[in-house]
Number of protein chains: 2
Amino acid sequence: MSSGADDARTAHRPSAPARPGLRERKKAKTRAAIQRHALRLFKKRGYDETTVEDIAEAAEVSPSTFFRYFPTKEDVVMYDVFDPVLLASLRSQPRGLDPVRAMRAAMRQVFRDMDEEDREDLLEREALFRLVPDLRARMMDELLRTVSVLARIIAERTGRRAGDLGVRVVAGAIIGALISAWLTEEGESLGVDTYRGMDRALEKLESGLSL
Amino acid sequence: MSSGADDARTAHRPSAPARPGLRERKKAKTRAAIQRHALRLFKKRGYDETTVEDIAEAAEVSPSTFFRYFPTKEDVVMYDVFDPVLLASLRSQPRGLDPVRAMRAAMRQVFRDMDEEDREDLLEREALFRLVPDLRARMMDELLRTVSVLARIIAERTGRRAGDLGVRVVAGAIIGALISAWLTEEGESLGVDTYRGMDRALEKLESGLSL
DNA sequence: CCATATATTGACAGTGACTCCTATTTAGGA
DNA sequence: TCCTAAATAGGAGTCACTGTCAATATATGG
């Protein structure tokens with residue numbers, strides 16, 4: 001998500017035509033630079049071994065500025081994790097599919113439509129999440145939010161209240177199964193493999209939990 | 001989570017035939033004191049508003065000592081979260097039950113056998129987890145470990161490999177459903193209610209995810 | 001084109017969690 | 001009782017993060 005011409009993507013919906021605003025453009029560029037250098041350094045020297053000051057220096061801004069763009073060091077990696085894109089895709093799935101199948105279809109679509117650069121970016125972050133406890137923990141917490149959003153979407157699709165226990169259980173189970181598949185015990189982390197694993201996890205879910 | 005000998009934690013109140021060693025006893029007492037004062041202060045002044053120094057002073061030890069007993073401030077609250085007790089109970093469930101039903105039975109048993117003091121203690125922590133982002137995130141991460149352990153138990157019970165995707169999916173789905181129930185959108189947090197919610201969540205899981 | 005309101009920034013001075021090192025005490029065994 | 005190993009207090013240092021302030025850059029109305 002970071003590189004190239006993605007000015008409008010950050011805050012507002014794609015519906016509004018791109019609105020330059022020279023100030024905004026500079027901001028987007030700074031943000032992208034910080035993030036790009038941060039990820040590069042994390043990859044090269046490790047997360048804990050890279051200080052905010054290092055990142056700031058590499059991106060040619062002051063530490064203060066770093067924190068104006070990202071509330072915490074974690075957030076540099078965090079941003080954009082389990083995307084809105086996926087959830088949007090999920091919303092657009094045909095009404096007929098039950099939640100698990102719909103999720104599966106949405107994942108396939110998103111994964112297919114992702115270009116190479118984004119995919120590598122995702123892998124990069126995935127490795128960090130696996131490896132760095134603070135980031136992993138933070139990601140898990142973000143997933144709580146994802147469960148809520150997922151519940152809302154499922155509720156829409158099935159005409160129930162988002163608070164309905166059944167709905168929340170399904171949402172939780174889906175996310176839980178995905179995470180568990182992502183875990184892969186002794187984590188290898190190949191991109192396609194990860195997707196494969198998650199897809200197969202949902203396939204299992206489709207056929208129930210009986211064992 | 002690293003080094004071996006922190007099993008003193010389990011030595012709560014049970015009048016287990018004490019294994020003196022005057023030194024050990026002192027250690028256990030210090031640990032307990034730190035933790036007790038910490039939780040008391042967290043409740044009274046809030047987690048972020050209570051410094052390690054505050055806790056150390058209340059427990060009459062030096063800050064250095066605090067960190068020798070608990071690797072991080074988080075760990076004072078963390079300890080004992082989604083108990084080994086539950087997992088032990090799960091192991092002892094009759095072979096005939098499928099994983100979800102077994103888990104449900106285990107939860108009921110543990111909840112029933114818990115005495116009032118422990119229950120209050122749990123509530124206390126639960127509130128902290130809900131409220132304090134760092135703690136909540138950390139707890140979510142601990143849950144990853146719980147999923148793995150759960151997977152191992154399910155594997156034992158069903159005669160499969162712990163790495164089996166089906167097994168892991170079930171484990172993940174169970175934990176995911178429980179968390180989702182725990183979430184309760186606008187979280188109230190009554191003890192019995194929380195248990196009720198989780199029980200009903202597993203009940204839903206039993207009957208499949210179709211909706 | 002200028003003047004003024006508004007945003008963005010860098011420098012600086014905290015605070016608090018955590019690490020590492022050292023000197024001193026204290027428990028338990030010889 | 002003395003010797004050793006562990007436990008402790010204390011201090012110095014790092015780093016993430018916060019808040020404040022003044023300097024500068026940009027947008028905008030006149």
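Chain letters run A, B, ... following the sequence lines, proteins first, then strands; residues in each count from 1.
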Could you tell me the separation between the [atom1] atom of [X] and the [atom2] atom of [N], rounded to a whole number of Å?
| X | N | atom1 | atom2 | value |
| --- | --- | --- | --- | --- |
| Glu53(B) | dA17(C) | CD | C1' | 11 Å |
| Lys27(A) | dA25(D) | NZ | P | 18 Å |
| Asp48(A) | dA16(D) | CG | P | 9 Å |
| Tyr47(B) | dG16(C) | OH | C1' | 12 Å |
| Ile55(B) | dG16(C) | CD1 | P | 12 Å |
| Glu49(A) | dA16(D) | CD | C1' | 15 Å |
| Lys26(B) | dA5(D) | NZ | P | 21 Å |
| Glu24(A) | dT6(C) | CD | P | 16 Å |

Tell me whether the guanidinium CZ or amine NZ of [X] lies under 6.0 angstrom from the six-membered ring centre of [Y] and within 45° of its axis.
| X | Y | result |
| --- | --- | --- |
| Arg196(A) | Phe111(A) | no |
| Lys73(A) | Tyr47(A) | yes |
| Arg108(B) | Tyr195(B) | no |

Review point. For Tyr69(A) and dT9(C), is the shortest distance between a side-chain N/O and OP1 or OP2 below 4.0 Å?
Key: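 For dT9(C), OP1 or OP2 has a side-chain N or O of Tyr69(A) closer than 4.0 Å.
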
Check your understanding: Would you say the side chain of Asp118(A) lies within less than 4.5 Å of the side chain of Leu122(A), judging by non-hydrogen atoms?
Key ->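 With C-beta onward as the side chain, the pair stays apart.
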
Review point. Can you tell if the side chain of Phe70(B) reaches within under 4.5 Å of the side chain of Arg31(B), non-hydrogen atoms only?
Key: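 Sidechains of Arg31(B) and Phe70(B): in contact.
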
**Study point:** Closest to side chain of Ser62(B), choosing from dT8(D), dT26(D), dA9(D)
**Key:**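 Among dT8(D), dT26(D), dA9(D), the one nearest the side chain of Ser62(B) is dA9(D).
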
Could I get a table of every N or O pair under 3.5 Å where one atom is in the protein and the other is in nucleotides 17-22 of chain D?
from: dC17(D); atom 1: OP2; to: Lys73(A); atom 2: N; distance (Å): 2.7

Practice item. Mark yes when over 12 heavy atoms from residues, nucleotides or ligands other than Arg200(B) sit less than 6.0 Å from its CZ; otherwise mark no. Key: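 Open.
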
